2 protein chains.
Amino acid sequence: MKQTAEPDGGLAPRTVTEPGPIRPFGSREQHLGALFEAVLTRGPLSRRDAARLTGLSAASVTKLVKPMISHGYLIENVREAGVPGRPQIPLQVDAGRHHAVGIKLMDGEIVGVVADLHAEVQSAHRMKYRDTSPEGVVSAIEEMTRILLERSPVDRARLLGIGVGLGGHINANTGVVVKSPFLGWRDVPLRKLLVERMNLPVVIENDVNTLAVAEQWFGAGSSFPSFALVTIGVGVGCALVLENQLWRGVSGAAGEFGHMVVDPDGPECHCGKRGCLEAVVGDTAIAATMSAAVGRRFTKVSQVVAQAHAGDPDARQVFTQAGVALGRAIAALLNLLNPPLVILSGEGMTASDLFIDALRAELDRDAFSSTATDCTVLVRPLPDETWARGAAATMLREGVLRSLSKLSDQVPA
Amino acid sequence: MKQTAEPDGGLAPRTVTEPGPIRPFGSREQHLGALFEAVLTRGPLSRRDAARLTGLSAASVTKLVKPMISHGYLIENVREAGVPGRPQIPLQVDAGRHHAVGIKLMDGEIVGVVADLHAEVQSAHRMKYRDTSPEGVVSAIEEMTRILLERSPVDRARLLGIGVGLGGHINANTGVVVKSPFLGWRDVPLRKLLVERMNLPVVIENDVNTLAVAEQWFGAGSSFPSFALVTIGVGVGCALVLENQLWRGVSGAAGEFGHMVVDPDGPECHCGKRGCLEAVVGDTAIAATMSAAVGRRFTKVSQVVAQAHAGDPDARQVFTQAGVALGRAIAALLNLLNPPLVILSGEGMTASDLFIDALRAELDRDAFSSTATDCTVLVRPLPDETWARGAAATMLREGVLRSLSKLSDQVPA
DNA sequence: CCCGTTAGTTCACTGCGTCAAGCAATAGTG
DNA sequence: CACTATTGCTTGACGCAGTGAACTAACGGG
């Protein structure tokens, strides 16, 4: 805590020097972005429908779309008639026009993809790495990028950059890894290092946040202004999108969900506390609980999952307990923020059938008033490269919105 | 939960009918509001400083301030020289120009105030009521308003309306009390009833939210774009202000903090679960825990507080435990949202010395990375009418911002 | 008394979105 | 096969809001 004081030290600043947070002018940039997002996420769209979606007038849409077409962001599809009246001209994003590399850093392993503007994966690769020093990781990412771009060659001019997602406390604005337990890092300026080495735009972001961005652009999140994304796997993570904005918190550390204490008398967590959510429902926790219950050593969740699917009551019980704990934590989230949507994702959700019922029941039990009934809960098992895809999506979004804002009306030569 | 499904049912809406969420035009209304808020919360302010604060140009400030002065919202103070150059003209809000009634509904008791635009309380009153039917409550509020306005007569034209704060799930937009446990209500259109009876603008809002609004305008919150407000007393409540906006959630139920489960094996809660935060640190919980520990019957917290202040180790222990539980819950909040400020308030904070150290220690222990160090924690013991004052502030804000938006440049006759 | 300095005001200008009118392209109809 | 109804897109005049630059106002100091 910075300080604690009884306030009301009513300071009347004689000279105010705060930098005005208000944009001096023009919402054009925002409207360009909104229009692009609408066309991207809501499939092919006529100008008229785009106008309705964004709230702009048809005239404005025409004006704004023009430079986006001439610069190659959007393309006009062939008109399709069928109803009386002039047929609509479907607009869509020229997906192949822009690409990005997405990379997910894990403990000892790294997954990378090349994705186009629809976040369709063009190629993927997976490799191990040992050297966890900043230099080593940068080299691994360089190597990965080289391999990926060899497999699916992308014109450098059309490569928006590299998005990197990793667990821990990442300050996306400064590009600094504030703290990453699995790498043992503190305050490593990863973005700077990567930009210097690769000479390409780089975005680094918490891995769960990258998933949320992908979900917001290409998934269920596109229909909801706010949602929470909870991932279950080795760890438990959470990302928040509030009013269409990724919520990062003051220091960029928002969304730390795994170390919420759900049972003060629960098992010890690697963070030093007892009964953290992660220590109850994380992968290692599942295996450990099962081992303790049966008296036989389980090292992997997959073994417990297999047992449970085979009908073993002990294994089923382990998952039921995990579901209850998870439900309790998510209920806390629901009660606190009352979001319209919660997406459950992560490797752990592939076995969601084993605990989803317990989770739901607990949600209904714990949720205050209508916070549970007013919330859609979505289960999203994770295809393997999705994390890396999310990182690519984050870079795509950043890059496209940035370049859109520089768009001028004039047609390029 | 509404539903659960694997999504990607990629619906391509042929005809889009969504109402565009974008404002058709003009940010003038927002700038008027921002300017007014700046002058209100940042004390007397010259046009120049106001410009710096809001980010507007000096020219714009001149233009926007003109109608606010001619309509009596702002007044020019006498200039004060001292430095070379033309002296500044301090602008300030004409506090006496607008008033509002603020009312806090409690179980069997009702507190009301009349407040001016600075939320200075002009007069206050407190009374009991028995009839908890909607009719009865409306009558009590009417009676209260009558008494308050007798004591401090306010020109009806200058009375912006009545703000009502009460615990429970309140939908401020529709003016409906969705659920109020202490009144035993469900879906009561309280605002409608009050408007009909009183023929005045009415705002109803969750009581903790009204406190947050007051804090945002007149308290520490005015210097932070986002903060969380946690109240401890009979119940435990929470309100969130995110990016200068009160966060209500989809259904207006956000901020339910008291029924987060902090200890699954803890004491039973009146909500039916076990180990809710409220059941561990609420007023009745404190008394109950103390009774159990000592084997003597305590019915009021004040008794336990007295014992603790007298040095009774049992009593002190009770508060220490409560501090730990509270710290744990607030740490969860910190980790999830990473806000720059948390304000601790409510009647319970008058005894904050008994548990604040335990709370702080737990925060530091539980918080991930820098979420605790980057967060200012403020203790705000509650003067008695503050709840009602908050309700008045909510009405003032609503009323003023609404009427500002109708302001035209022309000088009134 | 004039100068430097700072605050506030005026005004021509510009960017941006809108409205209204016009143009374009289809299906249906006599 | 015109002709009309219908719907989508485009164009241009308009208005609003905010700005920069020039100007006026009001002070202290030499």
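Note that this is a predicted model, so its numbers are computed, not measured. Throughout, protein chains are lettered first and strands after them, A, B, ... in sequence-line order, and every chain is numbered starting at 1.
When each of B/Ser60 and A/Gly85 is assigned the nucleotide of DNA chain D with its nearest heavy atom, A/Gly85 is the one assigned upstream, toward the 5' end. Residue order along DNA chain C, read from the 5' end via each residue's closest nucleotide, puts A/Ala59 first among A/Pro84 and A/Ala59. Each of A/Pro87 and B/Val61 was matched to the nucleotide of DNA chain C holding its nearest heavy atom; the match closer to the 5' end belongs to B/Val61.
In this structure, B/Arg47 places its CZ atom 15 Å from P of D/dA25, rounding to the nearest Å. A/Arg52 places its CZ atom 15 Å from the P atom of C/dT18, with the value rounded to the nearest Å. The distance from atom CZ of A/Arg28 to atom P of C/dC16 is 6 Å, rounded to the nearest whole Å. In this structure, the CD atom of A/Gln30 is 18 Å from the P atom of C/dG15, given to the nearest Å. In this structure, B/Lys66 atom NZ and C/dT9 atom P are separated by 7 Å, rounded to whole Å. For the pair A/Arg86 CZ and C/dG22 P, the interatomic distance rounds to 17 Å; values are reported in whole Å. When the C1' atom of D/dA25 is taken as reference, atom CZ of B/Arg48 falls 15 Å away, rounded to whole Å. We find that CD of B/Glu29 is positioned 11 Å from P of D/dA17, with the value rounded to whole Å.
Between A/Tyr73 and A/His98, the ring planes are parallel. Angles under 30° get that label, and only those over 60° would be called perpendicular.
For C/dT9, one of the phosphate oxygens OP1 or OP2 lies less than 4.0 angstrom from a side-chain nitrogen or oxygen of B/Thr62. For A/His31, no side-chain nitrogen or oxygen approaches OP1 or OP2 of C/dC16 to under 4.0 Å.
With salt bridges taken as basic N to acidic carboxylate O contacts below 4.0 Å, one links A/Arg397 and A/Glu37. Remark: A/Arg402 does not engage A/Glu29 in a salt bridge, criterion side-chain N to carboxylate O under 4.0 Å.
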Verify side-chain contact (heavy atoms from CB on, under 4.5 Å) between A/Val203 and A/Arg191, making sure each step is shown before the conclusion.
-> CA-CA 7 Å; A/Val203 165; A/Arg191 186 174 64 190; 5.7 Å; no

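Taking 4.5 Å as the limit, some side-chain heavy atom of B/Leu378 sits within range of a side-chain heavy atom of B/Leu341.
The nucleotide whose nearest atom lies closest to any side-chain atom of A/Arg79 is, among D/dG8, D/dA17, C/dA25, C/dA25. Taking the side chain of A/Ile89 as heavy atoms from C-beta on, and the options C/dG8, D/dC9, C/dA25, the nearest nucleotide is D/dC9.
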